[in-house]
Amino acid sequence: DVQLQAFGGGLVQPGGSLRLSCASSGFTLDDYAIGWFRQAPGKEREGVSCIRSSDGSTLYPDSVKGQFTISSDNAKNTVYLQMNHLKPEDTPVYYCAAVRSRFMTRSYLTQYRYDYWGQGTLVTVSS
């Protein structure tokens with residue numbers, strides 16, 4: 001079974017950094033695209049990055065470009081999201097998701113592309 005688990009959230013001060021991890025099992029990262037999403041209460045789930053580790057391709061929306069970095073460690077079946085210069089609006093719950101993919105387009109920043117989801121991890125940016 002495909003399983004994903006996001007962890008690493010917590011409380012961080014504005015301007016701080018945090019690294020989230022998405023541990024996966026039941027599939028080979030090389031065959032999948034992994035996306036990171038966030039969702040604030042009452043808002044739609046927003047894609048913040050995605051990666052295909054087989055070719056190293058990554059995508060980001062303009063809202064986090066230069067602030068967030070996605071990476072993968074295939075040996076550990078884990079995808080990371082490094083978040084820097086955090087702001088209060090970066091606060092919501094973060095999720096990782098997976099879908100079998102041979103290539104990525106910007107549509108992979110939308111939640112409807114993904115078949116598998118992990119439980120979220122809460123990030124709180126506050127002083």
Side-chain angles (χ1 to χ4, degrees):
D1 290 349
V2 172
Q3 293 189 346
L4 302 163
Q5 183 177 3
F7 57 95
L11 175 64
V12 60
Q13 292 189 339
S17 298
L18 206 59
R19 188 177 80 160
L20 305 182
S21 301
C22 176
S24 65
S25 63
F27 65 98
T28 303
L29 276 181
D30 275 349
D31 297 331
Y32 281 70
I34 305 296
W36 279 101
F37 293 80
R38 64 186 179 187
Q39 187 169 25
K43 293 191 175 181
E44 191 164 314
R45 199 164 288 188
E46 173 194 18
V48 295
S49 65
C50 54
I51 187 169
R52 275 194 81 244
S53 59
S54 60
D55 60 10
S57 57
T58 59
L59 290 170
Y60 303 90
D62 290 342
S63 58
V64 304
K65 197 172 291 184
Q67 183 189 4
F68 291 2
T69 303
I70 191 170
S71 61
S72 67
D73 184 336
N74 284 20
K76 296 181 178 180
N77 287 330
T78 301
V79 173
Y80 303 99
L81 182 67
Q82 178 67 41
M83 305 185 295
N84 299 323
H85 310 297
L86 286 165
K87 300 166 280 188
E89 53 263 41
D90 297 319
T91 276
V93 179
Y94 285 73
Y95 302 87
C96 59
V99 62
R100 184 181 289 271
S101 171
R102 297 174 65 183
F103 59 91
M104 284 197 314
T105 65
R106 292 202 71 82
S107 67
Y108 281 76
L109 289 172
T110 60
Q111 59 176 319
Y112 305 107
R113 269 289 190 178
Y114 291 83
D115 295 327
Y116 307 98
W117 291 86
Q119 291 183 325
T121 184
L122 177 63
V123 172
T124 303
V125 183
S126 174
S127 56

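Just so it is clear, the structure is predicted and the values come from calculations on it, not from any experiment. Index from 1, following the sequence.
- Considering every non-hydrogen atom in both Thr28 and Tyr32, the closest pair reads O-CD1, 3.4 Å.
- Although no hydrogens or angles enter the test, the distance criterion places no donor-acceptor pair under 3.5 Å between the side chain of Gln82 and the main chain of Phe68.
- Here the CG atom belonging to Asp30 is positioned 12.0 Å from the OG atom belonging to Ser101, to the nearest 0.5 angstrom.
- Taking each heavy atom of Ser72 and Val79 in turn, the nearest pair found is CB-CG2, 3.9 Å.
- Heavy atoms only, all atoms of each residue included: Val48 and Leu109 are closest at C-CD2, 4.4 Å.
- Under the 4.5 Å side-chain criterion, counting only non-hydrogen atoms from C-beta, Met83 is not in contact with Trp36.
- At a threshold of 4.5 Å between non-hydrogen side-chain atoms, the residues Ser54 and Asp31 do not count as touching.
- Taking every heavy atom of both residues into account, Pro61 and Ser49 meet most closely at CD-N, 4.3 Å.
- By the criterion of side-chain heavy atoms lying less than 4.5 angstrom apart, applied directly or through intervening Ile, Leu, Val, Met, Phe, Trp or Tyr residues, Val93 is not grouped with Val64; the two fall into different hydrophobic clusters.
- Sequence neighbours left out, the pairs with a member in residues 89-127 that pass disulfide bond (SG atoms under 2.5 Å apart) are Cys22-Cys96.
- Residues Met104 and Leu59 have side chains in contact (heavy-atom distance under 4.5 Å, counting atoms from C-beta outward).
- Of the possible polar contacts, none joining the Tyr60 side chain to the Gln67 backbone as a donor-acceptor pair under 3.5 Å is found.
- A 4.5 Å side-chain heavy-atom check between Pro92 and Glu46 finds every atom pair outside the cut-off.
- Hydrophobic clustering, with ILVMFWY side chains joined whenever heavy atoms are under 4.5 angstrom apart, groups Leu81 together with Val12.
- For the pair Phe27 and Leu4, the minimum side-chain heavy-atom distance is below 4.5 Å.
- Looking at heavy atoms from C-beta onward, Leu29 lies in side-chain contact with Ser24 at the 4.5 angstrom threshold.
- Inter-residue side-chain proximity for Arg38 and Asp90 is flagged as met; some heavy-atom pair is nearer than 4.5 Å.
- Gln39 places none of its side-chain heavy atoms less than 4.5 Å from the side chain of Gln111.
- Sequence neighbours left out, the pairs with a member in residues 53-72 that pass salt bridge (Lys or Arg N to Asp or Glu O under 4.0 Å) are Arg52-Asp55, Asp62-Lys65.
- One finds the CZ atom of Arg100 at 7.5 Å from the OH atom of Tyr116 (value rounded to the nearest 0.5 Å).
- In terms of heavy-atom proximity, Gln119 sits nearest to Tyr95 at C-CD2, 4.0 Å.
- Checked by atom type, the side-chain pair Ser107/Thr105 shows a donor-acceptor distance below 3.5 Å.
- Grouping the Ile, Leu, Val, Met, Phe, Trp and Tyr side chains by contacts below 4.5 angstrom, directly or via other members, places Ile34 with Val2.
- With ring centers used as reference points, Phe37 lies under 6.0 Å from Tyr114.
- Each of Leu20 and Trp117 belongs to its own hydrophobic cluster when Ile, Leu, Val, Met, Phe, Trp and Tyr are linked at side-chain heavy-atom distances under 4.5 angstrom.
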